[in-house]
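Structure record follows, encoded as structure tokens.
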Amino acid sequence: MTLRLSSALDVDALAAAFAAKRRLRIPGLMDDDSAEAVAVAMEVFDNWRISVAASGELFELPLLGRIAAEPDKQSWIDGARIDGNSPRMQYIFDTRRLTVEGFEDTTPDAVSEVPAFLNSPEFIAFVRAVTGDDRIDFADAQATRYRPGHALTAHTDVAPGKNRLYAYVLNMTREWYADWGGALIFFDGDGHIADGFVPSFNTLNIFAVPKAHAVGQVASFAPKDRLSITGWLRSNEPIGDQP
Ligand SMILES: O=C(O)CCC(=O)C(=O)O
Ligand SMILES: [Fe+2]
């Protein structure tokens, strides 16, 4: 199917709101049929890979369901711990890479249509209008699944040479409560929480890079997984230094 942007988005109002804070939640991004198709595809997908950078360990492993596809690697997963004393970015979450060279996505479902949607002339024009930034040329993407205990610690998304102008997160969990953790948290200069975006179905979070942010740990008691499509809106041209 062809995924579609909702026709109900008020681009001028969104652009004004984005300009005020350089970050924004955009509810109702896709039309209902598209959002439903992507959500179902994410719910039934069963070939996630767990991605870990924690306490100096760095690995990515295929899963079957929620356990290591290779049984002798399960101990790696069980032993993965984020070092709370380290100021470095660390993470544990599941990924389905959609646009990374070398990872061919072979599942022909609605999620595999997402990169074409995000790189359609319509979507690129939309994010250019919301940000007021015509340097946006393309979007990369991965699907992510944060299970209870998963987290991504503070970081700014700066990656030299990747020309990341804006980060985006399209949350696809149908219902989520702040109690369950997993919020996209923005920090101010003193390390206080300036904003926390609670995952919300078919809502696009977009913010300018660089900005200190994190995904709070999904609570041990969260009754479901936090599902999203995430990546960056990038330029083909160098964008200069990002502090
Ligand atoms: O999933 C999110 O809300 C944000 C993810 C993120 O910050 C990242 O992948 O760099
Ligand atoms: Fe990030």
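We're numbering straight along the sequence, starting at 1. All ligand and atom numbering here is 1-based and tracks the order in the structure.
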>> Check for me whether Arg23 meets the cation-pi criterion with Phe207, that is, NZ or CZ under 6.0 Å from the six-membered ring centre and within 45 degrees of the ring axis.
In response: no
> Among protein heavy atoms, which sits nearest to atom 5 (C) of ligand 1, and what does the distance come to when rounded to 0.1 Å?
Replying inline: Leu152 CD2, 3.7 Å
> Do Arg226 and Tyr146 meet the cation-pi criteria used here (NZ or CZ under 6.0 Å from the six-membered ring centre, within 45° of the axis)?
Replying inline: yes
> Which protein non-hydrogen atom lies closest to atom 1 (O) of ligand 1, naming both residue and atom, and how far is it?
Replying inline: Arg226 NH1, 2.9 Å
> Got Ile206 and Leu233 here, is their nearest side-chain heavy-atom distance under 4.5 Å?
Replying inline: yes
> Numbering the atoms of ligand 1 from 1, which are under 4.0 Å from a heavy atom of His155?
Replying inline: 6 (C), 7 (O), 8 (C), 10 (O)
>> If we ignore hydrogens and angles and just use 3.5 Å, is the side chain of Asp137 paired with the main-chain N or O of Ser235 as donor and acceptor?
In response: no
>> On a heavy-atom basis, which atom in Thr173 and which in Asp225 lie closest, and how many Å separate them?
In response: OG1-O, 3.2 Å
>> Testing the basics here: between Ser228 and Met42, what is the closest heavy-atom pair and its distance to 0.1 Å?
In response: O-CE, 3.3 Å
> What residue and atom, counting heavy atoms only, is the protein's closest point to atom 7 (O) of ligand 1, and at what distance?
Replying inline: His213 NE2, 2.9 Å
> Relative to the heavy atoms of Val169, which atoms of ligand 1 are at a distance of less than 4.0 Å?
Replying inline: 1 (O), 2 (C), 3 (O), 4 (C)
>> Under 4.0 Å, heavy-atom basis, I'd like to know which part of Trp232 is in contact with ligand 1: side chain, backbone, both or neither.
In response: side chain
> Which of the atoms in ligand 1, numbered in the order shown and given with their element, are less than 4.0 Å from a heavy-atom of Val215?
Replying inline: 1 (O), 2 (C), 3 (O), 4 (C), 5 (C)
>> Taking the cut-offs as 6.0 angstrom to the six-membered ring centre and 45 degrees off its axis, would you call Arg164 and Trp232 a cation-pi pair?
In response: yes
> How does Asp157 reach ligand 1, by side chain, by backbone, by both or by neither, if only non-hydrogen atoms under 4.0 Å count?
Replying inline: side chain
> Where the Fe ion (ligand 2) is the corner point, what angle links NE2 of His213 with NE2 of His155, to 10°?
Replying inline: 90°
> Which atom, counting only N, O or S, brings Asp157 closest to the Fe ion (ligand 2)?
Replying inline: OD1
>> Against the six-membered ring of Phe93, is Arg147 placed for a cation-pi contact (under 6.0 Å from the centre, within 45° of the normal)?
In response: no
> Is Thr230 close to ligand 1, meaning an N/O of one under 3.5 Å from an N/O of the other?
Replying inline: no
>> Is it the case that ligand 1 has an N or O less than 3.5 angstrom from some N or O of Gln142?
In response: no
